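Heads up, the thing below is written out as structure tokens.
The structure displayed is predicted, hence computed values, not measured ones. Counting starts at 1 for both ligands and their atoms, following the listed order.
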Amino acid sequence: MSTVLVVDDKEMMRDSVAQTLGRAGFEVVTACDGPSALRQIAAHRPDAVVTDLKMPGMSGVELVEQIARIDDTLPAIVMTAFGTIETAVDAMKRGAFDYVTKPFEGDELIITIKRGLRHAKLARENAVLRAGAARPEPATGAGLDRLVGDSPEMQEVKAQIEAVAASRGSVLITGESGTGKEVVARAIHDLSPRRDGPFLAVNCAALSESLLESELFGHERGAFTGAEKLRKGRFELSDGGTLLLDEVSEIGPHIQAKLLRVLQERAFERVGSSLTIGVDVRIVATSNRDLMASIENGDFRGDLYYRLNVLPIHLPPLRERREDIRPLAEHFVGAFCAREGRPRLDWTPAAMASLEAYPWPGNVRELQNICERAVVLASAGGADRIDTGLVEPWLRASPRAIAEVKPAPVFAETGGSNGFAGEPVVRPLAEIERETIIRALHHFGGHRQKTARALGIGVRTLGLKLKKWKEEQLVPATL
Ligand SMILES: Nc1ncnc2c1ncn2[C@@H]1O[C@H](COP(=O)(O)OP(=O)(O)OP(=O)(O)O)[C@@H](O)[C@H]1O
Ligand SMILES: [Mg+2]
């Protein structure tokens with residue numbers, strides 16, 4: 001049921017509109033002036049507002065302007081007397097959705113409200129889509145079907161997903177990179193009562209602290225240079241749904257405090273605003289770092305950890321559930337063959353044996369990449385089965401080996417090919433950069449924020465570089 005706020009200083013008018021809307025099946029709240037309307041909006045979060053224009057104190061036009069600042073998708077409809085249509089038009093310029101001219105029929109108002117609600121719904125869906133909720137459905141389907149593999153470890157994980165889905169308690173999913181944490185988060189959302197609400201994800205490691213703050217909580221117009229428009233954050237956009245906070249361990253102290261408050265009070269303020277917004281969001285967080293160690297270092301708040309870790313789920317690395325390798329490899333090859341529009345390929349027993357023996361430092365993601373490459377290579381080479389030749393080179397060239405190589409000096413001594421012993425050979429800067437970053441990351445135990453700070457670059461820059469290198473398999477997927 002939709003809630004409509006009716007604002008009018010005249011009690012008779014207020015009551016009669018409220019009655020009409022109540023009979024039409026709306027939940028109605030009322031206010032007698034602008035300031036109390038704003039309080040009602042904060043308290044009841046109505047889906048639409050109907051307001052008179054002429055009111056003592058704050059006028060209807062001012063109210064409309066304030067509403068547009070708070071929530072530009074909340075439709076405000078103004079009631080105007082004949083002769084003041086110009087004011088109504090002014091109100092629309094400042095963000096009102098539409099106007100009705102007094103005296104009006106109940107039906108006219110109801111139709112306008114319904115149009116406003118439809119418009120708002122579309123605008124919100126659009127914002128959610130822009131925020132990245134639109135993703136092609138993975139070939140695995142929904143719910144637990146997303147997760148391939150029936151090892152005892154995966155059965156345990158699936159049982160945990162079913163057990164936590166109905167609750168709204170926060171879930172903390174831990175596990176190495178590529179083990180399927182995001183897949184688990186989506187499965188939880190699919191099985192939860194909020195499955196029809198939005199599912200949004202934020203990668204906390206990829207953004208600088210101030211960008212992350214406005215990404216999560218939104219900002220008011222003019223909150224900082226460049227904030228030209230009001231922007232809703234992911235918390236607001238995922239209201240009624242699930243918000244995945246990826247790599248939550250990378251959040252800085254300021255946002256940790258804000259996050260704690262949302263978890264405790266289900267309320268927050270946009271950057272640059274004093275208006276408190278209530279939300280109903282289920283948090284799923286992931287971490288591939290040992291958060292207990294971060295707490296001991298003083299990098300992560302203990303109280304936040306306990307709030308996030310209400311329902312923990314741990315995903316074991318693939319090497320600890322080798323039974324899953326075969327069904328995963330078959331599933332991925334099937335999916336990639338379908339994508340390439342070619343008949344299904346099988347693995348030769350020898351190739352499968354190599355997969356099953358390999359330690360998979362990059363976990364399921366690495367397996368998926370290798371399957372994709374094998375299908376592409378098999379297609380190109382006209383093979384009808386995938387044999388060891390198509391996978392072993394990749395298994396041996398595992399990125400883990402790259403991280404373990406000792407960095408070469410910037411100037412390598414040559415044997416003196418030009419007869420000039422000891423002449424330095426200049427190495428590509430990109431290679432030196434990569435090595436320096438990997439070494440720094442190892443030095444700081446994988447802590448991106450510290451690494452970035454020490455290197456004098458932004459943590460977002462660091463995140464983007466690593467992402468690119470991982471995709472190119474130049475660094476370990478586990479970094
Ligand atoms: N059990 C599974 N069944 C099917 N696909 C899976 C499974 N586990 C992981 N995948 C796939 O492997 C890839 C990596 O999974 P995902 O992104 O969930 O990992 P992650 O743990 O979130 O990694 P990271 O820590 O790097 O973010 C994805 O493409 C995902 O679809
Ligand atoms: Mg992930």
Regarding ligand 1, does [X] bring an N or O atom to under 3.5 Å of one of the ligand's N or O atoms?
X: V364; answer: no
X: V148; answer: yes
X: D246; answer: no
X: S177; answer: yes

Surrounding CZ of R301 (heavy atoms of other residues, nucleotides or ligands, distance under 6.0 Å), is the total greater than 12? yes
Step through the shown structure and confirm whether more than 12 heavy atoms of other residues, nucleotides or ligands are within 6.0 Å of CZ on R342. yes
Distance filter under 4.0 Å to V183 heavy atoms, resulting ligand 1 atoms: 9 (C), 10 (N), 18 (O), 30 (C), 31 (O)
Which of the ligand 1 atoms, numbered from 1, are nearer than 4.0 Å to a heavy atom of F332: 5 (N)
Taking the six-membered ring for Trp, are Y305 and F300 ring centroids under 6.0 Å apart? no
Of the side chain and backbone of L328, name the one, both, or neither that has a heavy atom under 4.0 Å from an atom of ligand 1. side chain
Counting only heavy atoms closer than 4.0 Å, does ligand 1 sit against the backbone of N288, its side chain, both, or neither? side chain
Check: [X]/[Y] side-chain N/O donor and acceptor closer than 3.5 Å:
X: H314; Y: T174; result: yes
X: E209; Y: H254; result: no
X: N363; Y: T179; result: no

Can you tell me if [X] contacts ligand 1 (heavy atom of the residue under 4.0 Å from the ligand)?
X: G178; result: yes
X: V184; result: no
X: R146; result: yes

Between the candidates R365, K158, M154, K467, which shows the shortest non-hydrogen contact distance to atom 17 (O) of ligand 1? R365
Of R289, Q368, E366, the one whose closest heavy atom lies nearest atom 13 (C) of ligand 1 is Q368
Got a second to check how far H219's NE2 is from S210's OG, nearest 0.5 Å? 11.5 Å
Using modelled atom types and a 3.5 Å cut-off, is there a donor and acceptor pairing between side-chain atoms of R118 and backbone atoms of I113? no
Mind running side chain to side chain donor-acceptor pair (under 3.5 Å) on R124 and T73 for me, showing each step along the way? CA-CA 7 Å; R124 289 194 183 118; T73 60; 3.0 Å; yes
